[in-house]
**Student:** 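I'd like to ask some things about the structure below.
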2 protein chains.
Amino acid sequence: MKKPTLIDVARIADVSAITVSRTLRDPERVSESTRIKVQAAVEELGYVPDSAASTLASKRSTVIGMLVPSFSNNVFSQVLAGAYDAIEGTKYSIQIGNTRYSALKEEEMVRRFLTMKPAGMIVAGVDQTEMTRKLLKATDCPVVQVMDIADDPIDSIVGFSNFQAAAEATYYMIQEGFRRIAFVGTRMDPRTQMRMAGYRSMMEKSGLYDPALQITTQIKSSVEIGRHLLGDILSTVPDCDAVFCNNDDVAVGIAFECERRNIRIPQDMGICGFNDLGTTSQMNPAVTSVHTPRVEIGKVAAQIVIDANAKIETRSEKIYDLGFELKKRASTNLRGAAFRSR
Amino acid sequence: MKKPTLIDVARIADVSAITVSRTLRDPERVSESTRIKVQAAVEELGYVPDSAASTLASKRSTVIGMLVPSFSNNVFSQVLAGAYDAIEGTKYSIQIGNTRYSALKEEEMVRRFLTMKPAGMIVAGVDQTEMTRKLLKATDCPVVQVMDIADDPIDSIVGFSNFQAAAEATYYMIQEGFRRIAFVGTRMDPRTQMRMAGYRSMMEKSGLYDPALQITTQIKSSVEIGRHLLGDILSTVPDCDAVFCNNDDVAVGIAFECERRNIRIPQDMGICGFNDLGTTSQMNPAVTSVHTPRVEIGKVAAQIVIDANAKIETRSEKIYDLGFELKKRASTNLRGAAFRSR
DNA sequence: CTGTTAGCGCATTCAC
DNA sequence: GTGAATGCGCTAACAG
């Protein structure tokens, strides 16, 4: 007993194969009576379309290609989760590629994905190689960049401004009275670099910029590396009075190490994280962070692909800025802490 | 300028299409001279095989289907990461389905995946529905269950014993001198239930079992829920002297809340987490946890699928117990703490 | 609104 | 070791 095909369904419904095909793909285009007959036959046989055959014949698959730089980074698992939410119940599926933060690897994967005629492509960030941009511009499937914002997207872009988010957080810390604010950057991927630029711009504007305050490493972010980095900071810039971290786990590590060394938060050291991954809000004292709409970004990106394939007219603008939210917590509340410690 | 096909390559290499096909899939089966000609032609044209056509003709795809219960759970992102490591550079790709901890949804997704003739299926745990087991047993592709161990796998199984891991952690805490050890369980998925069973078995064996010590909720685990649960525990079983949590984030939340309430760790409250996700080891005091080989599990599972497809004879046993490791840290070091506090 | 014809690009089967 | 014929299951393009 082998898998039923369109022809089997057609025979039972007493129509031609192509009619069955149409009924399944676009029920509006057949008469109601045929639709009912066909649907009954499909039900009876438990027919499920063969996607390989469909892809081959139509030169268009139902696979959405999604390229992320990392799995270990929580941020991207959440973007993925959002995208999977969006395709739930649709005919689309997602195939993921791991670029490992390499633009060249990304280019190679884009090539590979494009050969399978994807329904859409979702890529992280805006730092593609020239060739990748060219390939993605030339393809006829929708392309969505995620996790940042730029003026000149390849096609659509969904995210928030890493530059602005960092600038706003930095501004807030300055307002709170911090002066020697360090930027702590791990991995130094393009989004972290944008954050550093936002930080720098605001520090310069306030006459507080000092290159020595930029502490960076190529190592990936983790709670452990955060702890080590506090040591580096204190030996390099002993008068540092606050840290702005490119990711929450680094901020958590720094907070733990401050506690261990009896460095008071925020009186001796202000701390601000990025992404608001869930732990910072629960600490003692709670750690300030920039909340980012990761799940929403994934959801919107996948929805753009789905809508474009259905030719649904969506918002004409191709730039979807989903914003961010600075979560002000005790770890940077210097004015409040000064007041309380009297 | 359209995509080159096998025939284009064949023309340039001056052989037939089928020879090109063979050269690409099994270079050993053609003579060296043809192999060189063909490979040169492939290179020249930048030929990339069409996977839809190949799937249709061979009734076997290069997609590995992988069903996970959740994306937000770090544990599964790491299993995914391991699986992606294993397929790197191979012809295989992975398609993920999110079962959202529902066995029925899983069944539906298994059905859907099987229609695409996958190269293999990887599913989480051992609690499939009867129908899912039947479907997976009947398929001819390799099936790998991950994240637990059982005697009667569908096909292969890669994981560790959640029961044993919990029993061992519980035994260790009892040895340390804890008596009123609570089990804190979130989500209550099958693996958490196995952990609870392991805990219970050891508590019973020691004459310490008390159902009131089992604190469970259907809510998913998070640092925040951990904090709330400590309150529940203390009001339900005020004499509780330790907690064994089903996941690290819950343990972290409980540690934070202890700190906030000036409950000393481990003197007043011992804490043990599960999975060793990275934060527990960095805390003050460091929190004990059961380290689980998540990345390795994913990697081995995908490798099993790859090897089975290549007909490479692997270990004949189908059960791969990758073990676990109890990381004993300060949060449960009651004997050491008692000594130091003199 | 429905059917006919003709492939999509590749792998299987059987020759040689 | 290599090739010819055939079909996988579906859909595009065109009729009617």
**Student:** Given atom CG of L24(B) and atom C1' of dG9(C), what is their separation to the nearest angstrom?
**Tutor:**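 Atom-to-atom, L24(B) to dG9(C), this comes out as 13 Å.
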**Student:** Would you please confirm or rule out a distance under 4.0 Å between OP1 or OP2 of dA11(C) and any side-chain N or O of R29(B)?
**Tutor:**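 Looking at the OP1 and OP2 atoms of dA11(C), neither is under 4.0 Å from any side-chain N or O of R29(B).
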**Student:** Return the value, rounded to whole Å, for the distance between atom CG of L56(A) and atom P of dC10(C).
**Tutor:**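 My rounded result for the distance is 9 Å.
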**Student:** So R22(B), base contact, sugar-phosphate only, or nothing? Heavy-atom distance under 4.0 Å.
**Tutor:**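 Since a base atom lies under 4.0 Å of R22(B), the category is base.
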**Student:** Is a donor from one side chain sitting under 3.5 angstrom from an acceptor on the other, for Q303(A) and D307(A)?
**Tutor:**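 On atom types as modelled, these side chains qualify, holding a pair under 3.5 Å.
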**Student:** With a 4.0 Å limit, can you tell me whether T34(A) has a side-chain N or O closer than that to the phosphate oxygens OP1/OP2 of dT2(C)?
**Tutor:**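 Yes, T34(A) has a side-chain N/O under 4.0 Å of OP1/OP2 on dT2(C).
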**Student:** Which nucleotide in the list dT2(D), dG3(D), dG9(D) gets nearest to the side chain of A57(A)?
**Tutor:**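 Given the options dT2(D), dG3(D), dG9(D), the side chain of A57(A) is closest to dG9(D).
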**Student:** Return yes if some donor-acceptor pair links the side-chain N/O of T139(A) with the main-chain N/O of L136(A) below 3.5 Å, else return no.
**Tutor:**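 Such a contact is absent between T139(A) side chain and L136(A) backbone.
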**Student:** Establish, from distance only, whether the side-chain atoms of Y101(B) and N73(B) form a donor-acceptor pair under 3.5 Å.
**Tutor:**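 A donor-acceptor contact under 3.5 Å links the two side chains.
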**Student:** Taking only the side-chain nitrogens and oxygens of S31(B), find out if one of them lies under 4.0 Å from OP1 or OP2 of dT2(D).
**Tutor:**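 For dT2(D), OP1/OP2 do have a side-chain N/O of S31(B) under 4.0 Å.
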**Student:** Give a yes/no answer on whether the side chain of R60(A) brings an N or O atom under 4.0 Å of OP1 or OP2 in dC10(D).
**Tutor:**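 So the side-chain polar atoms of R60(A) never come under 4.0 Å of the phosphate oxygens OP1 or OP2 of dC10(D).
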**Student:** What is the distance, rounded to the nearest whole Å, between atom CZ of R25(B) and atom P of dC10(C)?
**Tutor:**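 So the two atoms are 11 Å apart, to the nearest Å.
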**Student:** Taking CG from D14(B) and P from dG1(D), how many angstroms apart are they, rounded to a whole number?
**Tutor:**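 Value for this atom pair: 19 Å.
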**Student:** Check whether any side-chain nitrogen or oxygen of S58(B) sits under 4.0 Å from OP1 or OP2 of dA11(C), and answer yes or no.
**Tutor:**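 Result: no.
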**Student:** Specify the separation, in whole Å, of atom CD1 of I18(B) and atom C1' of dG7(D).
**Tutor:**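 Interatomic distance, CD1 of I18(B) to C1' of dG7(D): 13 Å.
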**Student:** Below 6.0 angstrom between ring centroids: does that apply to F71(B) and F76(B)?
**Tutor:**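 F71(B) vs F76(B): aromatic centres not under 6.0 Å.
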**Student:** Measure from CE on M116(A) to P on dG9(C) and round the result to the nearest Å.
**Tutor:**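 For the pair M116(A) CE and dG9(C) P, the rounded distance is 16 Å.
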**Student:** Answer yes or no: does a side-chain N or O of S54(A) lie under 4.0 Å from OP1 or OP2 of dT11(D)?
**Tutor:**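 The answer is yes; a side-chain N or O of S54(A) sits under 4.0 Å from OP1 or OP2.
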**Student:** dC10(C) phosphate, OP1 or OP2: any side-chain N/O from S21(B) under 4.0 angstrom?
**Tutor:**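 Checking dC10(C) against S21(B), no side-chain N or O comes under 4.0 Å of OP1 or OP2.
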**Student:** Would you please confirm or rule out a distance under 4.0 Å between OP1 or OP2 of dG9(D) and any side-chain N or O of K59(B)?
**Tutor:**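 Answer is yes, contact under 4.0 Å.
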**Student:** For the pair made of CD in E28(A) and P in dT2(C), what is the distance, rounded to whole Å?
**Tutor:**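 Going from E28(A) (CD) to dT2(C) (P), I get 13 Å.
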**Student:** Give a yes or no on whether a salt bridge exists between D85(B) and R100(A), defined as a side-chain N under 4.0 angstrom from a carboxylate O.
**Tutor:**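 Here D85(B) pairs with R100(A) in a salt bridge, since their nearest N and O are under 4.0 Å apart.
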**Student:** From CG of D26(B) over to P of dA11(C), roughly how many Å is that when rounded to an integer?
**Tutor:**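 Taking atom P of dA11(C) as the reference, CG of D26(B) is at 12 Å.
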